[in-house]
Peer 1: 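My questions will all concern the structure given below.
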Amino acid sequence: MKKRVYIGLGSNCGLKQENLAVARNKITELEGTRIVKSSSLYLTAPWGRTEQEDFINQVIEIKTALEPLALLQDLQEIEIKMGRQRQEKWGPRIIDLDILLFGDEVLDFPELKVPHPLMRQRLFVLVPLQEVNAELIFPDDGAKIKEVLISVLAREGNKKIKRV
Ligand SMILES: Nc1ncnc2c1ncn2[C@@H]1O[C@H](COP(=O)(O)OP(=O)(O)OP(=O)(O)O)[C@@H](O)[C@H]1O
Ligand SMILES: Nc1nc2c(c(=O)[nH]1)N=C(CO)CN2
């Protein structure tokens, strides 16, 4: 059975929009995998480490027959093939591919936590995710995406994120 999976894409080095396009192409080449929906692209201020270039972010919904750890491995291979080198935490990167949600699964492997532990705090994830699926419910605590987004917007405002 294929699972519905949400992936967050981000780039803040080189040709950012093109990097995302290349990554999307490589994702469609993965075994038993297709892209169902893609959000708009968003220009976002850097989160976490603020002294770096703005990011382009996007969320895609895929259907995949891959198991979670196989998908993680394939995504990491794409990152490496695209030339991602420095693994500095929250630092600049050509491409970053995060598994946000994997069907209704709650996963706690050492190398893979799903839902992605920081996604609820990140407008650069929540805004495009809501665009792709406005009715989404978090599988771990039943929270609604709209409510999570409203509470982060109330804290931070939405000046830091702009559709491109
Ligand atoms: N849901 C997930 N999606 C992708 N990687 C994950 C996930 N959960 C845990 N990881 C682990 O996180 C590790 C670090 O990932 P990465 O280098 O992309 O971190 P980062 O982008 O600097 O920070 P962040 O994880 O906060 O976005 C990966 O090697 C991977 O094993
Ligand atoms: N706006 C934005 N900020 C970030 C991003 C990102 O994709 N977008 N990724 C990071 C590394 O995890 C750290 N900070």
Side-chain angles (χ1 to χ4, degrees), residues 3-24 26-27 30 33 38-62 64 66-132 136 138-141 143 145 148-149 152-153 155-164:
K3 293 281 172 65
R4 187 186 305 268
V5 177
Y6 294 92
I7 297 177
L9 296 84
S11 172
N12 78 333
C13 292
L15 299 170
K16 302 171 195 172
Q17 299 200 18
E18 204 169 302
N19 294 339
L20 263 55
V22 170
R24 285 195 308 274
K26 291 187 183 292
I27 287 170
L30 299 179
T33 302
S38 303
S39 76
S40 308
L41 301 179
Y42 291 86
L43 184 66
T44 68
W47 181 99
R49 276 192 45 203
T50 51
E51 74 299 351
Q52 56 179 323
E53 272 203 51
D54 285 350
F55 281 76
I56 295 283
N57 285 109
Q58 182 180 39
V59 168
I60 60 172
E61 180 182 317
I62 65 169
T64 186
L66 293 169
E67 294 297 323
L69 290 176
L71 178 64
L72 177 68
Q73 201 178 349
D74 286 350
L75 295 178
Q76 289 179 341
E77 227 163 81
I78 293 173
E79 291 177 341
I80 290 163
K81 277 195 192 137
M82 289 184 63
R84 179 165 158 184
Q85 283 163 350
R86 283 189 293 166
Q87 288 289 323
E88 206 177 310
K89 189 166 173 61
W90 296 344
R93 59 224 30 225
I94 290 173
I95 192 71
D96 186 25
L97 302 170
D98 287 334
I99 300 176
L100 304 172
L101 296 164
F102 199 101
D104 285 337
E105 296 186 32
V106 178
L107 304 172
D108 193 12
F109 297 109
E111 67 275 49
L112 179 64
K113 317 277 184 204
V114 174
H116 190 287
L118 292 170
M119 66 180 286
R120 283 179 172 79
Q121 299 166 42
R122 293 175 160 176
L123 280 180
F124 68 80
V125 170
L126 296 172
V127 171
L129 182 58
Q130 203 239 198
E131 184 191 345
V132 170
L136 196 129
F138 284 84
D140 49 347
D141 63 358
I145 178 96
V148 176
L149 182 53
V152 180
L153 283 171
R155 277 205 308 271
E156 296 190 10
N158 69 347
K159 289 177 208 128
K160 299 176 199 154
I161 174 158
K162 201 173 78 191
R163 221 163 155 154
V164 291

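Order of listing sets the numbers, starting from 1, for every ligand and every atom in it. The figures here come from the full heavy-atom set of this structure, side chains too, leaving out hydrogens, waters and symmetry mates.
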Peer 1: Could you label the plane-to-plane angle of the Phe124 and Phe55 rings as parallel, tilted or perpendicular, counting under 30° as parallel and over 60° as perpendicular?
Peer 2: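 Parallel: the ring planes of Phe124 and Phe55 meet at under 30°.
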Peer 1: Below 3.5 angstrom, do we get any N/O pair linking Leu118 and ligand 1?
Peer 2: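 No, Leu118 has no N/O under 3.5 Å of an N/O on ligand 1.
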Peer 1: List ligand 1 atoms under 4.0 Å from Gln76, heavy atoms only on the residue side.
Peer 2: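 With Gln76 as reference, the close atoms of ligand 1 come out as 28 (C), 29 (O), 30 (C), 31 (O).
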Peer 1: Just let me know how Leu100 lines up against ligand 1, side chain, backbone, both or neither, with a heavy-atom cut-off below 4.0 Å.
Peer 2: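 Looking at Leu100 and ligand 1, no heavy atom falls under 4.0 Å.
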Peer 1: Compile the protein residues with any heavy atom at a distance under 4.0 Å from an atom of ligand 2; present them by chain, then by number.
Peer 2: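 Heavy-atom contacts below 4.0 Å: Thr44, Ala45, Pro46, Trp47, Phe55, Asn57, Trp90, Arg93, Asp96, Arg122, Phe124.
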Peer 1: Would you say Arg93 touches ligand 1, if touching means a heavy atom closer than 4.0 Å?
Peer 2: yes
Peer 1: Check Arg122 against ligand 1 and report side chain, backbone, both or neither, counting heavy atoms closer than 4.0 Å.
Peer 2: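 The answer is the side chain of Arg122.
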Peer 1: With side-chain contact (heavy atoms from CB on, under 4.5 Å) as the criterion, how do Ile145 and Leu126 come out once you've worked through the C-alpha distance, each side chain's angles and the decisive distance to 0.1 Å?
Peer 2: CA-CA 7 Å; Ile145 178 96; Leu126 296 172; 3.9 Å; yes
Peer 1: Identify, by atom number and element, the atoms of ligand 1 in contact range of Leu72, meaning under 4.0 Å from any of its heavy atoms.
Peer 2: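 Contacts of ligand 1 toward Leu72, numbered from 1: 4 (C), 5 (N).
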Peer 1: List the steps, then state whether side-chain contact (heavy atoms from CB on, under 4.5 Å) holds for Gln130 with Val148.
Peer 2: CA-CA 10 Å; Gln130 203 239 198; Val148 176; over 6 Å; no
Peer 1: For the 3.5 Å polar cut-off, considering only N or O atoms, please tell me whether Asp96 and ligand 1 meet it.
Peer 2: yes
Peer 1: Any chance you could lay out the side-chain contact (heavy atoms from CB on, under 4.5 Å) test for Asp54 and Asn12, step after step, and finish with the verdict?
Peer 2: CA-CA 6 Å; Asp54 285 350; Asn12 78 333; over 6 Å; no
Peer 1: If we check side-chain contact (heavy atoms from CB on, under 4.5 Å) with Leu30, which of these qualifies: Ile62, Asp74, Thr64?
Peer 2: Asp74
Peer 1: What verdict does the side-chain contact (heavy atoms from CB on, under 4.5 Å) test give for Leu41 and Asn57, after you've listed the backbone C-alpha separation in whole Å, the side-chain angles of each residue and the deciding distance to 0.1 Å?
Peer 2: CA-CA 6 Å; Leu41 301 179; Asn57 285 109; over 6 Å; no
Peer 1: For Pro139 versus Glu105, what's the shortest heavy-atom pair and its separation?
Peer 2: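 That closest heavy-atom pairing would be CG-O, 4.0 Å.
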Peer 1: Does only the side chain of Leu112 get under 4.0 Å from ligand 1, or the backbone, or both, or neither? Count heavy atoms.
Peer 2: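 Both parts.
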Peer 1: Determine whether Leu136 and Leu101 make a side-chain contact, defined as any pair of heavy atoms from C-beta on separated by less than 4.5 Å.
Peer 2: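 Yes, at least one pair of side-chain atoms sits under 4.5 Å.
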Peer 1: Name the residue from Glu61, His116, Met119 that meets the side-chain contact (heavy atoms from CB on, under 4.5 Å) definition with Tyr6.
Peer 2: Glu61
Peer 1: Should the proximity of Arg84 to ligand 1, defined as any heavy atom under 4.0 Å, be assigned to the side chain, the backbone, both, or neither?
Peer 2: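 Near ligand 1, Arg84 shows its side chain, while the N, CA, C and O stay back.
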Peer 1: Would you check if the side chain of Lys160 reaches a backbone N or O of Trp47 as a donor-acceptor pair within less than 3.5 Å?
Peer 2: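 A pair under 3.5 Å: no.
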